[in-house]
Protein chains: 2
Amino acid sequence: MGVMERVAPRRKKAVAPAGVEAAKIATDCLLRGDCIAEMAKLPDACIDMIFADPPYNLQLGGDLFRPEGGRVDAVDNDWDKFDTLGSYDRFTKAWLREARRILKPNGSIWVIGSYHNIFRVGTALQDEGFWILNDIIWRKSNPMPNFKGTRFTNAHETLIWASQGEDAKYTFNYKAMKTLNDELQMRSDWVLPICGGQERLKRNGTKAHPTQKPEALLYRVMLACTKPGDVVLDPFFGTGTTGAVAKRLGRKWIGIEREDDYIEVALERIEAALPLDESALTIMQTARQQPKVAFGTLVETGYLQPGAVLTDAKRRWQAVVRADGSLSVGKDTGSIHKMGATLQGAPSCNGWTFWHCEIDGALKPIDALRQTYLLANEP
Amino acid sequence: MGVMERVAPRRKKAVAPAGVEAAKIATDCLLRGDCIAEMAKLPDACIDMIFADPPYNLQLGGDLFRPEGGRVDAVDNDWDKFDTLGSYDRFTKAWLREARRILKPNGSIWVIGSYHNIFRVGTALQDEGFWILNDIIWRKSNPMPNFKGTRFTNAHETLIWASQGEDAKYTFNYKAMKTLNDELQMRSDWVLPICGGQERLKRNGTKAHPTQKPEALLYRVMLACTKPGDVVLDPFFGTGTTGAVAKRLGRKWIGIEREDDYIEVALERIEAALPLDESALTIMQTARQQPKVAFGTLVETGYLQPGAVLTDAKRRWQAVVRADGSLSVGKDTGSIHKMGATLQGAPSCNGWTFWHCEIDGALKPIDALRQTYLLANEP
DNA sequence: TATATAGTTGAATCGCCTG
DNA sequence: TCAGGCGATTCAACTATAT
């Protein structure tokens, strides 16, 4: 392919010198103040992962009205205002430089943004010596529409994941991600809803923070790139989604925030968060956990009867559902995914979409059954 | 609302000077040579849209844009990085500057890339004065897996769509996109398969180009942002996907390519491409683009009688049609839009959809009358 | 209590022409 | 350059109210 990293000259090594012990620092605490000043107080190489949700520098114009007349509650906070692209770049480089210093040699950093700022951030990351591992697309299942019909609906945000350098031995829990994704490799595009409903924090009836991130997003980031006990720093803490998820997943956290209103809400929220018990964490890490809805659950709960016959979309193959949720084809048996892969001679297969059954007289993928189940059984 | 942005310097205007006619240029042809040199030969403001798939590797950019004589950042002292990223940036800025010059004031540019280069490209676009309209995610339905299991499967590429400036009147065929997307607004994430099968061009049994883009991608881009007869330029033509789709969609094209092997394949391919006939090219028009019909015209032509009573959909308000095409509610009078806005206490209102009248026994928006009028009186 | 309907909301660079 | 008038424009999910 001849991509940049192939022909690029070797970067500085980023592997920790043997025998150097990371400094002990206070964790599970919130530092009140400017993120650059507060990071400057921390010792070198003390953080395992940084998650950063910096201002996007949206540069919005006047009011925007919805077709039905309502006014869009835009992000108009002072913290999102920068005079020029140059001043935004200087700010970005400054906080990234401190972030790089306090991050362990094998730690990694995540930054989230939109097209307004993410290209500046990505460029700054590369310029400061970080090594980009992936860009991840958060595909919003329920974005705000483009009310005026002037552009494509802005339906995603971008996250950049980077290590300290090309040779850094960053953490990536491959199996945990594959398990979370129903035994398929986790892709670089993640479909998740925006933060709303009960999860959305309120103060006096209005949203506590204009850009609260969903916990599911942080959950996946942390599950992918940290180990239990790791220290996660969020320099733009806001209402503390990073802290709440860290606590839930048994990670240590440090938040930096300068707005008193956000701090108060964040501390209250994290106090109320319940850590998952250790056995649950272990299962997730070792990939023994079943997919969120196991195929067998559909059998157990009567959505599919044992003995039911499944076929592929073109009715080339047939399989019989067994009582334990496995499939049998002749003498061969296995999971819906494995059997699909075997029959096609493919390395992998998503059994949920490969296998079909008759529903209301039509041949539909069994995923439709899972959706029905989820609708009826979600907590 | 930006207090700060008020003081920010105004962006360059991108509106065409009055009376300036775009230069006539040769189209539907391939220019053999370096993209910057070839673009330099074209006149100002002669291109309606640019689609660019620049190289990610630095062989090309590095050769052309080696830093002159030892300008090394003394603090960072990372000469290698400066060489690699810096030369790519210089290459990017150089071709973008020429692209900006030859693009019409209301034209737009698309650039595609991956995380290796897209952040540099996005930053350069903004620095050169382009105004980003959207970033679009091409979500690959069948990406190459990450064989080593060390990262997330790189399952997307990023496109940036930008105009010449904040105030440019770029082309966006909103309704065509909405129709294409099953009557929902087209989102910024597009699910499309990678280029393979019959479409993938071969030479001597192996793929003719390492990164051939699928025609479906160009099809959507061109359908969204150009009109029939527009001139589309592709400065990194490769195997000519842009040319083939332009021909199919009745757009004019110019390609620039310096590799003889690609040129040969591209010309052959475009020769074989079949243009759609004109009726097939017709796309859904937005109401904005349709001929305007004043409400008064419906009164003049007898589609509505003066004295007729209009109501809103829920019959909360009533208004009487007057001979001049205004409405009266009590003592208050005004246009259909103004009265709708006043009654609702809204900043604005579309009177065509707000006001209803009885048609064939059913309460229908008066826009239905306008449609009837248009059908009967179309030129 | 369950279902149906109406109202609200989310990181948004969101119109165009005339005088 | 700005003000004002015409008139075009929304998706999914959650919450509150009504039946």
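Here the structure is a predicted model, which means the values were calculated and not measured. We name chains A, B, ... by the order of the sequence lines, and we start the count at 1 in each one.
Taking atom C1' on both nucleotides, D/dT10 is separated from C/dG10 by 12 Å, rounded to a whole Å. Comparing the same atom, C1', in C/dC16 and in D/dT1 gives a spacing of 16 Å after rounding to whole Å.
Using a cut-off of 4.0 Å between Lys/Arg side-chain N and Asp/Glu carboxylate O, A/K81 and A/D78 are scored as not salt-bridged. The pair A/R203-A/E268 fails the salt-bridge criterion, with no side-chain N (NZ, NE, NH1 or NH2) lying under 4.0 Å from an Asp/Glu carboxylate O. Ion pairing of B/D127 with B/R120 is absent here, as no side-chain N (NZ or NE/NH1/NH2) approaches a carboxylate O to less than 4.0 Å.
Counting non-hydrogen atoms under 4.0 angstrom, A/C195 reaches nothing in the nucleic acid. Within the 4.0 angstrom heavy-atom criterion, only backbone atoms of the sugar-phosphate kind lie near B/R370; the bases stay farther away. A/L64 comes within 4.0 angstrom of a nucleotide base, judged by non-hydrogen atoms across all strands. Within 4.0 Å of A/P214, counting heavy atoms only, lies no atom of the nucleic acid at all. Contacts of A/T153 with the nucleic acid, taken as non-hydrogen atoms under 4.0 Å apart, are absent. Base engagement by A/P143 is indicated by at least one non-hydrogen atom pair under 4.0 Å involving a base atom. Across all strands, A/N154 comes closer than 4.0 Å only to sugar-phosphate atoms, never to a base (heavy-atom distances). Within the 4.0 angstrom heavy-atom criterion, only backbone atoms of the sugar-phosphate kind lie near B/K178; the bases stay farther away. At a threshold of 4.0 angstrom between heavy atoms, the contacts of B/I336 with the nucleic acid are absent. A/S114 comes within contact range of no nucleotide atom at all, as no heavy-atom separation falls under 4.0 Å. As judged by a 4.0 angstrom heavy-atom cut-off over every strand, A/D53 is placed among the base-contacting residues.
Summarising the geometry, the separation between CZ on B/R187 and C1' on C/dG10 is reported as 13 Å, rounded to the nearest angstrom. Atom-to-atom, NZ of A/K148 to C1' of D/dT9 comes out at 6 Å; the value is rounded to the nearest Å. Straight-line distance from the NE2 atom of B/H337 to the P atom of D/dG5: 13 Å, rounded to whole Å. At whole-Å resolution of the value, NZ in A/K140 and P in D/dT10 are 20 Å apart.
At the phosphate of C/dA11, OP1 or OP2 sits under 4.0 Å from a side-chain N or O atom of A/R200. The phosphate of D/dT10 (OP1 or OP2) has a side-chain N or O of B/Y174 nearer than 4.0 angstrom. In this structure, A/Y115 reaches the C/dT13 phosphate: one of its side-chain N or O atoms is under 4.0 Å from OP1 or OP2.
Against the 90° criterion about 0, the sugar-base torsion of C/dT13 places it in the syn range.
Atom CZ of A/R258 has 12 or fewer neighbouring heavy atoms from other residues, nucleotides or ligands inside a 6.0 Å radius.
Pairs engaging residues 189-200 of chain A under the salt bridge (Lys or Arg N to Asp or Glu O under 4.0 Å) rule: A/R139-A/D189, A/R187-A/D189, A/D189-B/R139 [sequence neighbours left out].
Between A/F91 and A/F82, a ring centre-to-centre spacing shorter than 6.0 Å is recorded. The distance between the ring centers of A/F51 and A/F236 does not fall below 6.0 angstrom. Ring pair A/W110/A/W161: centre-to-centre distance below 6.0 Å. In this structure, B/W131 has its ring center at least 6.0 angstrom away from the ring center of B/Y170.
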Under 3.5 Å, which protein N or O atoms sit close to an N or O of nucleotides 14-19 of chain D? Give each pair with its distance.
residue : atom : partner : partner atom : Å
D/dT15  : OP1  : A/Q198  : NE2          : 3.1

What does the list of N/O pairs under 3.5 Å between the protein and nucleotides 5-9 of chain C look like, with a distance for each?
residue : atom : partner : partner atom : Å
C/dG7   : OP2  : B/K314  : NZ           : 3.1

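Under the salt bridge (charged side-chain N to carboxylate O under 4.0 Å, His left out) criterion, A/E259 pairs with no residue, sequence neighbours left out.
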List the atom pairs, donor and acceptor, that lie under 3.5 Å between side-chain atoms in residues 340-347 of chain B and the rest of the protein, sequence neighbours left out.
residue : atom : partner : partner atom : Å
B/T342  : OG1  : B/K338  : O            : 2.8
B/Q344  : NE2  : B/G340  : O            : 3.2

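Counting atom types as modelled, B/K175 pairs no side-chain N or O with a base atom of D/dA8 as donor and acceptor under 3.5 Å.
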According to the Watson-Crick and G-U wobble definition with distances under 3.5 Å, which dot-bracket string, read 5' to 3', encodes DNA chain C, using [ ] for crossing pairs and | for pairs with another strand?
-> .|||||||||....|||||

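Annotation: cation-pi pair B/R100/B/F130 present, NZ/CZ under 6.0 Å from the ring centroid and within 45° of its normal.
Paired with A/Y88 under the rule side chain to side chain donor-acceptor pair (under 3.5 Å), one option of A/N117, A/N57, A/D83 passes, and it is A/N117.
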